[in-house]
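Each remark here refers to the structure printed beneath this line.
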Number of protein chains: 2
Amino acid sequence: MTTTGAETPRSPANASIEDVARRAGVSSGTVSRALRGLPNVSETTRARVIAAATELNYTVSPSASSLASGRMSTIGVITPFVSRWFFAQAINGVEEVLHEANFDLVLYIDEDGKTFQSLPMRRKVDGVLLLTLPSDSPDVSGVRNLGVPVGSLHVDIEGFSSVLIDDVGGSSMATDHLLALGHRRIAMVTLDQHPSVPFRTGQDRSEGYLRSLKAAGIEVDPLLIVNGESTVEGGMRAGSELLSRAPRPTAIFVQSDEMAMGVLYIIRRAGLHCPEDISVVGFDDHELSNVFDLTTVAQPARAQGALLAHHVLDQVRLGSAPQTTTLKTHLVIRGTTAPPPSGI
Amino acid sequence: MTTTGAETPRSPANASIEDVARRAGVSSGTVSRALRGLPNVSETTRARVIAAATELNYTVSPSASSLASGRMSTIGVITPFVSRWFFAQAINGVEEVLHEANFDLVLYIDEDGKTFQSLPMRRKVDGVLLLTLPSDSPDVSGVRNLGVPVGSLHVDIEGFSSVLIDDVGGSSMATDHLLALGHRRIAMVTLDQHPSVPFRTGQDRSEGYLRSLKAAGIEVDPLLIVNGESTVEGGMRAGSELLSRAPRPTAIFVQSDEMAMGVLYIIRRAGLHCPEDISVVGFDDHELSNVFDLTTVAQPARAQGALLAHHVLDQVRLGSAPQTTTLKTHLVIRGTTAPPPSGI
DNA sequence: CTGAAAGCGCTTACAG
DNA sequence: CTGAAAGCGCTTACAG
């Protein structure tokens, strides 16, 4: 097989740093420094090296580079789902930041915490981003012993970077909005609660609701609080249950938009109208929320992922300390909330 | 810092293969063979090595292993979105298979085909899975020149493995269903068409519709075919347009469930009822389709990802030839389709 | 500013 | 069945 020139090398068995060094008339050490933009390389030499590298279509061998330097340029991301709105958005934010920083994203989808035992990312990542925690036991010691910076979303763990949102405040806003419209009989559909896990999301959102009711002098009716299991289907079940209460609630605060979609479905299916007969507020600002015309508490999921990635990247590259940031939420008022039916 | 025994090594600066060899009283070459389950190692030696490795909590250094062997145990996945149903499901399928095979999944989210130019996965993956193609020009030569097996979803490219579905047949089924219910004035909302790209999805789904109408002896009305831009919002726009036609169509075949959700929203918002006034069929069987009670053509997105991963893994590990598989679709009849209003 | 050389931690023919 | 040794392709003190 003859080649007609170096112009279009048909996968010419990847040039090595030695090839580049030879072509540029320098040592491989100099090539390494020049290509990585290190100081102490004359500009003329650097230019020559870059030219040679370009001509040879050279790319550094990641494994050789990692082996020699100990840097992997890779961040492991552990997520329970890739298909749910919040996680998908967070991953988008993470990916954008890592990509920009020339880090690779190794994805581990882990619903039940197996990854925390087998640690498949061991020795191949410079850092780990936890979009979730092991569900049974909050044992993150394996990840901690990896010896690399770790960041966690929505959970504040000693020694880890984290990004949180004000779940209490957000839920309180949602509840206050319903109160301001004149509602008194306000139900709540909760996320799954994890008693043994430091995920405070569900508890915090409940707390905001309780706090607002209390501030308004309204007694809490435990029959108006139902678990929606974090899913659309669970929201449907919870919605059915709440519609059967007598007297029926005039408004429902739902701790996630996906569950709220289930609730809305049930309301419509029961022949009721939202918001004329009953108001609904969600939490998330899911991308379909506007399609459902759903009033909701918006949280910046993508920004949370991006920020978490930045925190961990700072630790990896600058050796800085773990950082914790709490992001704001805000109420998005759409068409599923209105004053209660006048008959009540 | 003193250690109180080898039981709970607090990140003991990662044992190397030499440490294991010393402890087991063999050479590092034997350790390598024993741990990888290669033949030509006596079972007693293997047991000794495994014991030593366990005691030292040894894990092979991926970069050293890759450098020496040339194998990366990593597959690159390029996807335009992680948040859309089809891609999220496909990624789930891919991840499961790769995880099972002990391969890492490096994720590249790439909406506009940049990845095909910069090739960030160069020299670090054993194979590439394309859940998308560069949108401007169908130039996959960069990926091809990577010199590793490539698989593509929904596009059949020479030299690549691929997984396809019968889009023509599926759309034809959907249209036939509407015809069987008695509809004659059947509109269609199309996916974005990519004239220069070998993505046949949109064209094929249109073809199935046209074929069924033709077989039924119905003349195609170009005013009843509108582009929905592949999004919920696009579906809303397309829906509005179609509702303004006179006479109004009695049914709409929508080429994706997400667009169909937009169409359903518009129908409801126009004060019309589905399916009493107008029927709608989607395509996908999106996870929210049952919430919308949407009749649709189901395609196994997760299985497609899994199968594509298998195909490429076969090429990587067995050196087998690229494989192409076409998967079936089936009609899921729910509540958005019914006979046309009797007045018509 | 640059080079020579050690070293990163494995895998893999090659002998035996 | 096992060992000695070369080699994978870089990075990084260390000299100069």
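Quick note on labels: first sequence line is chain A, next is B, and so on, each numbered from 1. From a predicted model like this one, the values you see are computed outputs, not experimental measurements.
In this structure, A:Arg84 is positioned above the aromatic face of A:Phe81, its NZ or CZ under 6.0 Å from the six-membered ring centre and within 45° of the axis.
Checked for salt-bridge contact, B:Asp104 and A:Lys124 meet the test: a charged N lies under 4.0 Å from a carboxylate O.
Of the two residues near DNA chain C, B:Arg36 and B:Ser63, the one whose nearest nucleotide lies more 5' is B:Ser63. Along DNA chain D, the nucleotide nearest to A:Thr30 and the one nearest to B:Thr30 differ in position, and the one closer to the 5' end is contacted by B:Thr30.
Distance, A:Asn14 CG to D:dG7 C1': 17 Å, rounded to whole Å. B:Arg122 has its CZ atom 13 Å from the P atom of D:dG9, to the nearest Å. Distance B:Asp19 CG to C:dC8 P: 11 Å, rounded to the nearest Å. Look at NZ on B:Lys124: it is 17 Å from P on D:dG9, rounded to the nearest Å. Following rounding to the nearest Å, B:Leu38 (CG) and D:dC1 (P) show an atom-to-atom distance of 12 Å. Look at CD1 on B:Ile17: it is 11 Å from P on C:dT12, rounded to the nearest Å.
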Every protein N/O within reach of nucleotides 13-16 of chain C N/O, cut-off under 3.5 Å:
{"unit_1": "C:dA13", "atom_1": "N6", "unit_2": "B:Arg33", "atom_2": "NH2", "d": "3.0"}

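Listed by residue number, A:Leu67, A:Ala68 are the residues of residues 67-76 of chain A with a heavy-atom contact under 4.0 Å to DNA chain C. Listed by residue number, B:Asn40, B:Val41, B:Ser42, B:Thr45 are the residues of residues 39-48 of chain B with a heavy-atom contact under 4.0 Å to DNA chain D.
Side-chain contact annotation: A:Ser162 with A:Ser152, donor-acceptor N/O pair under 3.5 Å absent. A:Ser63 and A:Ser66 are not linked by any side-chain donor-acceptor pair at a separation below 3.5 angstrom, with hydrogens and angles left out of the test. With no hydrogens or angles considered, no side-chain donor-acceptor pair links B:Thr59 and A:Arg123 at under 3.5 Å.
OP1 or OP2 of D:dT11 has at least one side-chain nitrogen or oxygen of A:Ser65 nearer than 4.0 Å. Proximity of B:Ser61 to the phosphate of C:dC10: no side-chain N or O atom is located under 4.0 Å from OP1 or OP2.
Side chains of B:His311 and B:Pro322 form no contact here, defined as non-hydrogen atoms less than 4.5 Å apart. Using a 4.5 Å heavy-atom threshold, the side chains of B:Val94 and B:Leu129 count as touching. Side-chain contact check for B:Trp85 versus A:Ser83: every heavy-atom pair is 4.5 Å or farther apart.
By the neighbour-count criterion of 12 heavy atoms within 6.0 Å, atom CD of B:Glu96 is sparsely surrounded, having that number or fewer from other residues, nucleotides or ligands.
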- request: Give the C-alpha distance, both sets of side-chain angles, the deciding distance and a yes or no for side-chain hydrogen bond (donor to acceptor under 3.5 Å, both in side chains) between B:Ser27 and B:Thr30.
  value: CA-CA 5 Å; B:Ser27 72; B:Thr30 299; 3.3 Å; yes
Open item on the list: Evaluate A:Arg122 against B:Asn57 for side-chain hydrogen bond (donor to acceptor under 3.5 Å, both in side chains), listing each step before the verdict.
Closed with: CA-CA 11 Å; A:Arg122 203 179 153 195; B:Asn57 193 18; 3.3 Å; yes
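The side chain of A:Val26 lies closest to C:dG3 when the candidates are C:dG3, D:dG9, C:dC10.
Look at C:dA4: it lacks any Watson-Crick or wobble partner with both distances under 3.5 angstrom.
A ring-centre distance under 6.0 Å is found for B:His154 and B:Phe86.
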